Amino acid sequence: MATDESSIKQQINRLTDELNGYAHDYYVLDDPKISDAEYDQLLRELRELEDNYPQFKRADSPTERVGGEPLEQFQKVRHERPMLSLSNAFDAGELRDFDRRVREGLGDSPEYVCEMKIDGLAVTLKYEDGVFVQGATRGDGDVGEDITANLKTIRSIPLKLAAPVTIEVRGEAFMPKRSFHDLNKRREANGEQVFANPRNAAAGSLRQLDPKIAAKRHLDMFAYAIAATENTAIQSHEEAINYVSELGFKTNEEIRRFDNIEDVIVFCESWVEKRADLPYEIDGVVIKVNNLSEQDKLGYTAKSPRWATSFKFPAEEVITTLTDIELS
Ligand SMILES: NC(=O)c1cnc(OC2CCCC2)nc1N
């Protein structure tokens, strides 16, 4: 390879790594290191080099995020590990019932981890040797739809991991409240129907066959579980979350460990009010047994793990006047 070609390849690699680093700071760590203008300038430089030397463009290039042509349809994807649903608890008593069943099953009192129940869409992300190869919706838990092109437009989903590992990560794709508000304002101005809530808006965005539309919806994603990994050193849910964070995924910071259900109840009830201050919608708190071997010991019902449940918040106060009922 002529020296100028090898220096072009080095320049493309350097710019790709530099831009991916800045994107990680901005979208995953929420800690931007350069201005949008500086980022856009570097992106223009990279795009120009890639246009002239396509053979050196990398699979994880930021220019690869907004894919090609719209799809005709979504392909089906069978999940090797089913995407389970969470059981629900609607009050403190039901959380105590869950804790009693867990303690009976373990013959011991476990450590719990509590995390936000993001109100979005469950997705699964497959990486081979560290490269994002496929993303899919939950579907019916066994078969979902391949929405890889749309998921690539979510900036907090890494196209290449910090280590060349083969792993499948589960998470919740969602639309932040700010993006939801701005989108509905735009739709209203265009005389289009507005979305009822951020969850519907996220679902509608990920169901778009044209990735360019999905890219404009400013979706985000929190990783919350590992479906498959070669890393046998992980022994707890907390360690799993730290591991995927180190690999480059965005994880939710409101995660707490408790050694008793009464403290879990206080934590869950504290979020009924506090959730209004979060920049994304949550519809509850997810409670998981932290230790993975204890999870295995408890196992699963037909559709849900016995080692997890969700404390669901009371539905937002919707004052339905009599006339509404008569009209409906
Ligand atoms: N919406 C969420 O934020 C969320 C959903 N699911 C899970 O865990 C799965 C893994 C085991 C069964 C449920 N965790 C979450 N945080």
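Atoms within a ligand are numbered from 1 in the order they appear, just like the ligands themselves. Only a predicted model underlies this, so the values are computations on that prediction, with no experimental measurement involved.
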Asks: For residues F180 and F195, establish whether the separation of their ring centroids is below 6.0 Å.
Replies: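 Here the rings of F195 and F180 have centres that are no less than 6.0 Å from each other.
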Asks: Looking only at the side chains, is there a donor atom on one of S293 and N291 sitting less than 3.5 Å from an acceptor on the other?
Replies: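 Yes, N291 and S293 have a side-chain donor paired with an acceptor closer than 3.5 Å.
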Asks: Could you tell me whether E230 atom CD has more than 12 heavy atoms of other residues or ligands within 6.0 Å of it?
Replies: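 Buried by this count: over 12 neighbours within 6.0 Å.
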Asks: Only heavy atoms of K288, strictly under 4.0 Å: list the atoms of ligand 1 that pass.
Replies: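 Those of ligand 1 that fall under 4.0 Å from K288 are 7 (C), 8 (O), 14 (N).
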Asks: Select one of side chain, backbone, both or neither to describe which atoms of R170 lie under 4.0 Å from any atom of ligand 1, heavy atoms only.
Replies: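 Neither; no heavy atom under 4.0 Å.
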Asks: Measuring centre to centre across the rings, with the benzene-like ring taken for any Trp, is F311 within less than 6.0 Å of F90?
Replies: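 No, ring centres 6.0 Å or more apart.
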Asks: Once you restrict to heavy atoms under 4.0 Å, what part of P305 touches ligand 1? Side chain, backbone, both or neither.
Replies: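 Just the side chain.
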Asks: Would you mind checking which non-hydrogen protein atom is closest to atom 13 (C) of ligand 1, with the distance to 0.1 Å?
Replies: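 Scanning the protein heavy atoms, the shortest distance from atom 13 (C) of ligand 1 goes to L86 CG, 3.6 Å.
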Asks: Give me the nearest non-hydrogen protein atom to atom 16 (N) of ligand 1 as residue plus atom name, then the distance to 0.1 Å.
Replies: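 Of every protein heavy atom, E115 OE2, 3.0 Å lies nearest to atom 16 (N) of ligand 1.
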Asks: With a heavy-atom distance limit of 4.0 Å, tell me whether I118 approaches ligand 1 through its side chain, its backbone, both, or neither.
Replies: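 Near ligand 1, I118 shows its backbone as well as its side chain.
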Asks: Hey, is E281 close enough to R275 for a salt bridge, meaning N to O under 4.0 Å?
Replies: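 A salt bridge is absent here (no side-chain N lies under 4.0 Å from a carboxylate O).
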Asks: Between the side chains of T16 and S61, is a donor N or O closer than 3.5 angstrom to an acceptor N or O?
Replies: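 No, no side-chain donor-acceptor pair sits under 3.5 Å.
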Asks: Tell me the contacting part of W307 for ligand 1: side chain, backbone, both, or neither, using a 4.0 Å heavy-atom threshold, strictly below.
Replies: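 Side chain only.
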Asks: May I ask you to list the atoms of ligand 1 that are less than 4.0 angstrom from any heavy atom of M116?
Replies: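 Per the distance check, 3 (O), 16 (N).
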Asks: Which part of K117 is near ligand 1, with near meaning a heavy atom under 4.0 Å away: side chain, backbone, both or neither?
Replies: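 Within the 4.0 Å criterion, K117 contacts ligand 1 through backbone and side-chain atoms alike.
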Asks: Between V133 and T148, what is the shortest heavy-atom contact and its length?
Replies: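 Shortest heavy-atom contact: O-CG2, 4.0 Å.
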Asks: Please list the nearest protein heavy atom to atom 9 (C) of ligand 1 with its residue and the distance rounded to 0.1 Å.
Replies: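 For atom 9 (C) of ligand 1, the nearest protein heavy atom is Y224 CE1, 3.7 Å.
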